[in-house]
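Working notes, beginning with the structure itself.
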Amino acid sequence: MKPRSVLLDLTPLIPLVAIPALLRRRTGSGGMGWSFPGPVKWLAAILGTTLWLAGAALMIWTIRLFWKQGKGTLAPFDPTRRLVAVGPYQHVRNPMYTGVFLVLSGETLLLGSPAILVYALLFCALPFVYVPLVEEPGLEQRFGAGYRTYKANVPRWIPQLTPWTGSEA
């Protein structure tokens, strides 16, 4: 692993930790801001923690696959040099975004901030425009027929139960 890669791949901390913390601080919401009754508040906390942990684990896994398999990072100026189609990428083309969705959903439940909820919804909507218009054409240009075959066999957002092995054409 290149030391530079580690620093580049810490960039998700800005939208996933720094911005929600800033929003929480600016809007003055401390603790769990939702006014749920006791048991529901605990359920929200447990669900929020579970979503956050699952999302963080998925993001760490996918970033590691970018380093090891793709020989690059998630940063646009240091992209992967090889197509990554293993692990969670065998089930869905964008598992890193799934991790982001899970982390932001968990933070929203845990922190109970309407401002973070609005931010999470807006942030999570961006990939629905960016991926098909920018990211996928760039991947087709970089990886050619290999990416087109992968794209034809692995769904963009909803994971398939059976992993794609690369043998289908």
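What you see is a predicted model, and the numbers here were worked out from it, not measured in a lab.
Contact check for Phe101 versus Leu51: no side-chain heavy atoms found under the 4.5 Å cut-off. Within the 4.5 Å cutoff, the side chain of Val131 has heavy atoms near those of the Trp157 side chain. Phe123 is listed as a side-chain neighbour of Val100, based on a closest heavy-atom distance under 4.5 Å. At a threshold of 4.5 Å between non-hydrogen side-chain atoms, the residues Leu104 and Pro15 do not count as touching. For the pair Lys151 and Leu139, the minimum side-chain heavy-atom distance is 4.5 Å or more. Leu16 is listed as a side-chain neighbour of Met59, based on a closest heavy-atom distance under 4.5 Å. Between Pro88 and Leu58, the closest side-chain pair of non-hydrogen atoms falls below 4.5 Å. Looking only at side-chain heavy atoms (C-beta outward), Asp78 and Phe66 stay at 4.5 Å or farther from each other.
Both Leu53 and Val103 belong to a single network of hydrophobic side chains, linked directly or stepwise wherever heavy atoms of I, L, V, M, F, W or Y lie under 4.5 Å apart. The hydrophobic clustering, which links ILVMFWY residues whose side-chain heavy atoms are closer than 4.5 Å, places Ile14 and Leu22 apart. A continuous path of Ile, Leu, Val, Met, Phe, Trp and Tyr side chains, each step under 4.5 Å between heavy atoms, connects Leu83 with Trp61, placing both in one hydrophobic cluster. Both Leu65 and Phe143 are assigned to one and the same hydrophobic cluster, defined by single-linkage of ILVMFWY side chains at heavy-atom distances under 4.5 Å. Criterion: ILVMFWY side-chain heavy atoms under 4.5 Å apart, direct or through other members. Under it, Ile19 and Ile116 are part of a common hydrophobic cluster.
For Pro132 against Pro127, the heavy-atom pair with the smallest separation is CD-O, 3.7 Å. The nearest pair of heavy atoms linking Val86 to Gln69 is CG2-CG, 3.8 Å. When every heavy atom of Leu74 is checked against every heavy atom of Ile63, the shortest pair comes out as CD2-CG1, 3.5 Å. Closest heavy-atom contact between Ala85 and Trp164: CB-CZ3, 4.1 Å.
Each side-chain hydrogen bond (donor to acceptor under 3.5 Å, both in side chains) pair with one or both residues in residues 44-57, not counting sequence neighbours, appears once here: Trp52-Glu107.
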Between Arg156 and Tyr97, does the side chain to side chain contact (heavy atoms under 4.5 Å, CB included) criterion hold? Intermediate values first, please. CA-CA 10 Å; Arg156 182 184 290 147; Tyr97 289 118; over 6 Å; no
Let's go through Glu136 and Tyr147 carefully: what are the C-alpha distance in whole Å and the side-chain angles of both, what is the deciding distance for side chain to side chain contact (heavy atoms under 4.5 Å, CB included) to 0.1 Å, and is it a yes or a no? CA-CA 9 Å; Glu136 288 178 349; Tyr147 180 74; 3.2 Å; yes
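Around CD1 of Ile158, the count of heavy atoms belonging to other residues, nucleotides or ligands within 6.0 Å does not exceed 12.
One distance of note links CG of Asn94 with OH of Tyr89; it measures 7.5 Å at 0.5 Å rounding. One finds the CZ atom of Arg81 at 7.5 Å from the OG1 atom of Thr73 (value rounded to the nearest 0.5 Å). Rounded to the nearest 0.5 angstrom, Arg93 CZ and Thr98 OG1 are separated by 11.5 Å. The NZ atom of Lys68 sits 12.0 Å away from the CZ atom of Arg82 when rounded to the nearest 0.5 Å.
In this structure Arg142 satisfies the salt bridge (charged side-chain N to carboxylate O under 4.0 Å, His left out) test with no other residue, sequence neighbours excluded.
Residue Leu117 is tested with Thr108, Leu109, Leu111, Leu122 for a side chain to side chain contact (heavy atoms under 4.5 Å, CB included); the sole match is Thr108.
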